[in-house]
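Throughout, a chain's letter reflects where its sequence line sits, starting with A, and its residues are numbered from 1.
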Amino acid sequence: MTDKQEPIIQDENTIIAERRAKLKELRDLGDAFPNQFTPTDFAKNLQANFAEFDKATMEEKSISVIVAGRMMLKRVMGKASFATIQDTTGRIQLYVTRDLINSEKNPELYSQFKKWDLGDILGATGKLFKTNTGELTIEVSEIILLTKSLRPLPEKFHGLSDQEIKYRQRYVDLIVNEETRDTFMKRSKIISGIRDFMISHNFLEVETPMLHPIPGGASAKPFMTHHNALDMDMYLRIAPELYLKRLVVGGFDRVFEINRNFRNEGLSVRHNPEFTMMEFYAAYTDYEWLMDFTEDCIQKVAEDITGSNLVTYQGKQIDFSKSFDRLTLVQAILKYSDKYKETELVDISFLKQTIKKLGGEARENVGLGALQLTLFELVAEEHLWQPTFIVDYPVEVSPLARASSKNPDITERFELFIAGREIANGFSELNDAEDQAKRFKMQAAAKEAGDEEAMYYDADFIRALEYGMPPTGGCGIGIDRLVMLVTNSASIRDVIFFPHMRPE
RNA sequence: GGGGUGUUAGCUCAGCUGGUAGAGCACCGGACUUUUAAUCCGUUGGUCGCGCGUUCGAUCCGCGCACACCCUACCA
C-alpha cells in the first residue's frame, strides 16, 4: 500500500467516503477533534429569554453568546449562510457570513464552513439578533468544527420512521426525532418523581441483589448464569420481593427499590425480557393502605408529567382525577359481561364450561378463585380502561400474600389495571413463617409436577420470617407500562432505550 | 410457538397481473449577504433483504430462509 492511496472501505457508500476525505483534510490541517470549547448558552434558555423582544430591542441589547451543537439544517446563500444547530435543550439558528468569520488567522474559514456537513458538531460565538421574520439568531463571529460526522443523518423533514432502525440505532432516533427525546425525558422525570414521592413518605431507597442463588418473589421463568469463582449457577432476579422483606425483618420499616427484573419469557408490545419495577414495602400497613398510597403516587406523577389529570392514551382518555374504582374479581366480571348470574360465578363446573367455551384453559385441579380469575381475564381485563383496583385474588395464585381473615381462600391482594393492562400488584404480606413454609412446599410440589414458573422453597427467607416480620403491605409498580401511559406510547420498546432484538 | 404484513439509493417513498429502476431530501459542482423543509441550474448514487425455482427475460410470480412490525399464546 502506498501513501497516496485513499483508504476506501468497499461496503460504505460515497457519502461516507466523501466525509472521510473531508476528515482527512481536517487532520492534515491540524487537530481534527479539538476539545477546548465550552458553551455557556443553551438554545431553550435563549429562545425563552428573548422571545418577547423585537429586532430593534435585540440590536440595542447586543448580547454575546457561546453555543455548541449538532448542525441539523444549513442554507448557504453565497457569502452568507444560515445554519440550525441542535444542543441538548433545543435548536437555535446561526447566521454565518464570510466577512465576519474570516480573519487574518484563517482567511479560508468561510469556504471551509461551506464544506461542513449536516450532523457535524460545531461551536459558535456571536451576537444575538432577530431576523426580518423574527427568528432569534446568532450572528456568528467565531465558529469551530468540533466533531466531524461521517454518517449522513436521515432526511431532515420526515426524520427517521423505520421502527427497526429507531430501536437498533437509538442514537440516530434521538438526534432526529424530538418525540423520542421527549418520551425519554418524561421517563426520567417519572422515575425521579416517584423517587421523590417515596422519599417524602419516609421510604428508604435500597438495592438488593440482581444475581440470585434461588429465583423468587414471582411466578416466572428466570435467566440462568454462572459465577466462575464460586462455581455456582445463579439466576437473574425475577423480583426483589424476598430480599426487600428480609430488610423489613431487619427493621427498615419502609423500603423501596427501582430496578430491573428479568423474565425469560416472550416479547410483545407490553413485555420486554428486562423491565423496570418499583417495589416498596411499608410495615404496619395493609393492602387497603397500599391502594390509597399507590393511587396518590400514580395520580401525582401523571399530573406532574402531563400537566393534567386527564391523559389521552391511544386515542382514549384516562381520568386520573377521580378516586380509582375498586372491584372484586366477581364484581368486575358482572360489570363487563351481562351474560352471567352471580350464583353461576361460584359454580365450579359452570365456570369450567364457560372458560372452555371462550377458548380459555381450565385445568382439572383448580379451585373456584383461580377459575374466577381466568374468566375475569377473558371477559373483563381489557375493558378496565379507567384506573381500577381489582381485589380478592385466590390464595392458590398468591403464594406470598396474606390470606383474608374473612375468607381463607382469598388473599388481601389487589392488582391495578389502567388501559386494560396490569400496572401494579400489591398485597398484605404473609408474615406467618409456618404458613409461608407450607405455601413454598406447595409451590415446590407444583414445580416437581412440571410447572416451570412455580416458586422454589427459599429456606433462608423462611428463617428470616421466623425472626418475625411486622404486618406489612408491599406493592410493585411496572414503570415501563406507566411510562407508556403517560407518554402515549403503543409499545414498551418505545419507552426502553435499547430494546432487545435479534442480531442484525 | 401459530397467523398476517413488510424489506427498493444514506433517509422518506413511488414503481402499471413480468421487458434488469424513479422522485424528494442528503451528497458533489455552479449562482445567491436575513433564509425558514431556502430557492434556481447541472451531476452522482442501487446485488430491488438473501437463496433456489418458473420464464427467452423476475423488483414484480412460486418455494425456502433472515430480520422487523402487528395479532395470538405464556407473562408484568
Side-chain angles (χ1 to χ4, degrees), chain A residues 11-19 21-22 55 72-84 91 93-101 110 114-115 117-119 129-137 139 149-169 172-173 175-177 217-222 238-239 260-279 359-361 377 381 397 415-417 421-425 451-453 476-482 484 490-494 499 501-504:
Chain A
D11 61 347
E12 288 188 346
N13 66 47
T14 52
I15 294 179
I16 295 178
E18 279 160 6
R19 290 191 178 201
K22 287 177 181 177
K55 191 173 164 78
M72 303 303 289
L73 293 170
K74 188 184 181 195
R75 296 176 285 279
V76 176
M77 303 166 301
K79 301 171 197 68
S81 300
F82 286 93
T84 300
R91 291 183 172 195
Q93 181 169 259
L94 306 181
Y95 181 57
V96 184
T97 57
R98 184 196 65 183
D99 296 348
L100 255 175
I101 67 164
Y110 186 72
K114 286 203 280 187
K115 287 197 243 171
D117 293 301
L118 296 187
F129 76 106
K130 290 238 169 145
T131 63
N132 292 337
T133 50
E135 178 162 349
L136 186 69
T137 303
E139 185 179 55
S149 169
L150 295 175
R151 290 182 179 269
L153 290 176
E155 211 238 5
K156 62 188 176 187
F157 186 62
H158 297 94
L160 180 66
S161 57
D162 184 311
Q163 289 284 26
E164 187 171 349
I165 303 177
K166 278 164 68 79
Y167 297 151
R168 287 192 196 276
Q169 301 184 51
V172 179
D173 188 24
I175 290 169
V176 298
N177 290 330
S219 302
K221 290 176 217 155
I238 55 173
R260 228 65 65 77
N261 291 340
F262 304 86
R263 298 189 183 174
N264 206 341
E265 284 155 3
L267 291 81
S268 80
V269 284
R270 299 171 193 190
H271 300 85
N272 196 59
E274 54 180 303
F275 64 100
T276 302
M277 282 266 278
M278 177 180 70
E279 277 201 20
E361 201 187 346
E377 286 167 353
E381 183 169 350
V397 297
E415 288 193 354
L416 172 63
F417 291 86
R421 63 196 64 177
E422 187 187 337
I423 297 294
N425 173 22
D451 183 353
E452 277 187 275
E453 291 173 5
I477 298 177
I479 300 298
D480 310 280
R481 290 186 177 178
L482 185 61
M484 285 170 71
S491 170
I492 197 168
R493 287 176 218 114
D494 295 324
M501 304 205 136
R502 290 200 165 85
E504 286 178 68

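Mapped onto RNA chain B by nearest heavy atom, A/D117 and A/R493 fall at different nucleotides, with A/D117 at the one closer to the 5' end. In terms of position on RNA chain B, the residue among A/K55 and A/L153 whose nearest nucleotide sits closer to the 5' end is A/L153.
Applying the ring pair (Phe, Tyr, Trp, His ring centres under 6.0 Å) criterion to A/F129, with sequence neighbours excluded, gives A/Y95. For A/E139, the salt bridge (Lys or Arg N to Asp or Glu O under 4.0 Å) test picks out no residue, with sequence neighbours left out. With sequence neighbours excluded, the residues satisfying side-chain contact (heavy atoms from CB on, under 4.5 Å) with A/E415 are A/Y393, A/R413, A/F417, A/E422, A/N425. With sequence neighbours excluded, the residues that form a side-chain hydrogen bond (donor to acceptor under 3.5 Å, both in side chains) with A/R168 are A/E164.
Between the side chain of A/Y95 and the base of B/U35 there is no donor-acceptor pair of N/O atoms closer than 3.5 Å. Put simply, the side chain of A/E135 and the base of B/U35 share no donor and acceptor less than 3.5 Å apart. You'll find a donor-acceptor pair under 3.5 Å spanning the side chain of A/T131 and the base of B/U35, going by distance alone.
When the C1' atom is used for both B/G24 and B/G1, the distance is 43 Å, rounded to whole Å. Comparing B/C41 with B/G49, their C1' atoms sit 37 Å apart, to the nearest whole Å.
Among B/U34, B/C11, B/G1, the nucleotide with an atom closest to any side-chain atom of A/P154 is B/C11. Side-chain proximity of A/S161 to the nucleotides B/U12, B/A76, B/U33 is greatest for B/U12.
Summarising the geometry, the separation between CZ on A/R270 and P on B/A76 is reported as 13 Å, rounded to the nearest angstrom.
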Shorter than 3.5 Å, N or O on both sides, protein versus nucleotides 72-74 of chain B: list them out with atom names.
{"unit_1": "B/C74", "atom_1": "O2'", "unit_2": "A/E453", "atom_2": "OE2", "d": "3.0"}

Where do N or O atoms of nucleotides 37-47 of chain B meet protein N or O atoms at under 3.5 Å, pair by pair?
{"unit_1": "B/A37", "atom_1": "O3'", "unit_2": "A/K156", "atom_2": "NZ", "d": "3.4"}
{"unit_1": "B/A38", "atom_1": "OP1", "unit_2": "A/K156", "atom_2": "NZ", "d": "2.4"}
{"unit_1": "B/A38", "atom_1": "OP2", "unit_2": "A/R75", "atom_2": "NH1", "d": "2.5"}
{"unit_1": "B/A38", "atom_1": "N6", "unit_2": "A/V76", "atom_2": "O", "d": "3.1"}

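Both distances falling under 3.5 Å, in either a Watson-Crick or a G-U wobble arrangement, place B/C50 opposite B/G64.
In this structure, a donor-acceptor pair under 3.5 Å is absent between the side chains of A/S219 and A/E453.
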